[in-house]
Amino acid sequence: METAFTRLVGCRRPLQLASMPAVATVELVAAVARAGALAMMPGVGIPGSLLARLLDEAADAAGTRVGVNFLMPFVDRDAVRAAAPKARVVEFFYGDPDADLVAIAHDAGALASWQVGSVEEATAAAAAGCDMVVAQGTGAGGHVRGRGELLPLVAAVLDAVDVPVVGAGGIGTARDMADVLSAGASAVRVGTRFIASREAGAHPDYVRAVVAAGAGDTELTEAFSVGWPDALHRVLSSCVRAAASLDEELTGEDVRYGVKFPIPRFSTFPPSRDATGRIDAFALYAGVSVAAVRDVQPAADIVAELCDGAEKLLGSRTRTTREES
């Protein structure tokens with residue numbers, strides 16, 4: 001499936017892996033990139049020199065450059081400068097589009113992207129020089145910028161900007177992907193399905209909770225706000241109840257890049273495979289697509305299932321339209 005997104009980025013599949021701290025390991029990023037999609041490395045809280053090395057490792061393992069995502073409330077411009085020369089796409093999220101950050105990406109030879117939740121933000125991102133925008137609906141897992149459903153947002157953003165648009169939030173099946181592409185998006189962004197990929201870094205209890213969850217088992221909340229207040233996010237409802245029931249101030253501990261640190265109750269940190277403590281009370285981010293997660297699969301199989309299935313559905317819809325006309 002060739003689209004404006006695949007032509008711009010230089011990949012074979014119109015799919016982007018969401019950048020998920022504790023989940024999007026070098027192994028997962030490389031596996032998704034090898035499968036032909038755009039894979040995103042989380043860049044929040046990582047020193048520039050280490051982030052550059054991780055991007056190199058992922059690119060070497062994938063045989064192609066990958067992307068990196070920065071969260072605006074925590075953005076480190078030195079880290080952006082260090083990562084941009086290593087990345088195919090430098091993406092920003094949860095803040096007003098900034099032309100200076102876009103210029104850092106472009107000066108390093110990278111594409112610039114902004115994940116947005118409104119038409120106004122998309123217009124500002126295009127005006128700041130972004131090469132593409134990611135339109136996020138409220139069905140997304142993790143932190144949510146959007147305030148409405150995905151398909152109407154995609155349609156409105158497409159009318160407002162002239163750059164490729166990626167649809168994000170609640171995409172877990174080939175049919176979901178086909179619907180978003182049919183609406184005019186050039187690609188989809190998927191996160192929740194990859195929590196249960198073999199290469200992911202999520203804690204096994206987190207994975208089991210996602211696999212067991214069904215439609216209606218997530219909620220939008222501001223509960224997990226320690227370290228990032230007043231920021232809406234979608235998690236499994238079970239973890240909100242579990243954290244509320246704790247008497248202790250700490251949920252447990254986790255380890256990132258060799259550093260061990262405590263996890264306060266209602267912290268924003270999801271549990272990596274190295275976390276200890278009450279894993280059920282960590283922030284277990286998941287989108288409304290969680291019902292589509294039925295088992296642990298290789299990341300390449302997830303990419304193929306979504307993209308091949310969407311391509312088949314789109315082909316069938318095209319043939320039906322021709323026959324009807």
Side-chain angles (χ1 to χ4, degrees), residues 1-11 13-20 37-44 66-73 75 80 83-84 87-106 108 110-171 176-177 179-191 231-232 287:
M1 285 190 291
E2 183 178 294
T3 69
F5 170 86
T6 62
R7 290 190 293 271
L8 175 68
V9 175
C11 60
R13 304 282 205 174
L15 185 148
Q16 180 189 34
L17 169 70
S19 58
M20 299 172 285
L38 172 65
M40 303 298 292
M41 178 75 70
V44 63
V66 300
V68 62
N69 171 278
F70 293 95
L71 296 174
M72 288 300 291
V75 70
V80 177
R88 178 58 179 150
V89 176
V90 180
E91 179 182 84
F92 303 94
F93 179 46
Y94 227 95
D96 294 335
D98 184 330
D100 290 340
L101 287 172
V102 172
I104 292 173
H106 285 164
L111 298 168
S113 176
W114 215 281
Q115 186 171 200
V116 305
S118 68
V119 173
E120 293 76 18
E121 199 172 27
T123 303
C130 286
D131 302 285
M132 62 183 186
V133 296
V134 180
Q136 186 203 49
T138 52
H143 283 81
V144 177
R145 188 72 166 176
R147 293 297 182 269
E149 294 183 359
L150 175 58
L151 293 181
L153 177 62
V154 166
V157 170
L158 284 166
D159 286 341
V161 302
D162 294 324
V163 298
V165 175
V166 179
I171 301 165
D176 295 334
M177 181 173 179
D179 289 344
V180 175
L181 295 178
S182 290
S186 295
V188 298
R189 179 183 176 95
V190 180
L232 196 66

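Heavy atoms only: backbone and side chains are in, while hydrogens, waters and symmetry mates are out. Keep in mind it's a predicted model, so treat the numbers as computed, not measured.
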What pairs with [X] under side-chain hydrogen bond (donor to acceptor under 3.5 Å, both in side chains), at least two apart in sequence or on another chain?
X: Gln16; answer: Glu91, Arg189
X: Ser19; answer: Asn69
X: Ser182; answer: Arg317

Using the rule given for side chain to side chain contact (heavy atoms under 4.5 Å, CB included), can you reason through Thr3 versus Arg7, listing the C-alpha separation, both sets of side-chain angles and the distance that settles it, and then say yes or no? CA-CA 6 Å; Thr3 69; Arg7 290 190 293 271; 5.6 Å; no
Is there a side chain to side chain contact (heavy atoms under 4.5 Å, CB included) between Val134 and Val116? Walk through the geometry before answering. CA-CA 6 Å; Val134 180; Val116 305; over 6 Å; no
Which residue pairs pass the salt bridge (charged side-chain N to carboxylate O under 4.0 Å, His left out) test when at least one of the two sits in [range], sequence neighbours left out?
range: residues 97-106; answer: Arg77-Asp98
range: residues 110-124; answer: Glu121-Arg145
range: residues 130-142; answer: none
range: residues 150-171; answer: none

Interatomic spacing from CD in Gln115 to SG in Cys130 - rounded to 0.5 Å: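 Spacing of CD (Gln115) from SG (Cys130) equals 12.0 Å.
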With rounding to the nearest 0.5 Å, note down the distance linking CE in Met1 to CG in Leu181.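 With rounding to 0.5 Å, CE (Met1) is 6.0 Å from CG (Leu181).
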Could you give all pairs that pass the ring-ring contact (aromatic ring centres under 6.0 Å, His included) test and reach residues 114-139, with sequence neighbours left out?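 Counting only pairs at least two positions apart or across chains, the ring-ring contact (aromatic ring centres under 6.0 Å, His included) contacts touching residues 114-139 are Phe92-Trp114.
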Considering non-hydrogen atoms only, spot the tightest contact between Val166 and Phe5 and give its length.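 Smallest interatomic distance, heavy atoms only, reads CG2-CD1, 3.8 Å.
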When you measure from the side chain of Thr123 to the backbone N and O of Val119, does any donor-acceptor pair fall under 3.5 Å?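 The answer is yes, because a donor-acceptor pair under 3.5 Å joins these two groups.
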Using atom types as modelled, flag every donor-acceptor pair under 3.5 Å from a side chain in residues 151-158 to any protein atom, sequence neighbours excluded.
none

Who pairs with His143 by ring pair (Phe, Tyr, Trp, His ring centres under 6.0 Å), at least two apart in sequence or on another chain?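 Once residues adjacent in sequence are excluded, the partners of His143 under the ring pair (Phe, Tyr, Trp, His ring centres under 6.0 Å) criterion are Trp228, His233, Tyr285.
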Applying side chain to side chain contact (heavy atoms under 4.5 Å, CB included), can you list everything that pairs with Ala83, at least two apart in sequence or on another chain?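 Once residues adjacent in sequence are excluded, the partners of Ala83 under the side chain to side chain contact (heavy atoms under 4.5 Å, CB included) criterion are Leu51, Leu55, Val68, Phe70.
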Does Arg147 have any salt bridge (Lys or Arg N to Asp or Glu O under 4.0 Å) partners at least two apart in sequence or in another chain, and if so, which?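 Here no residue qualifies.
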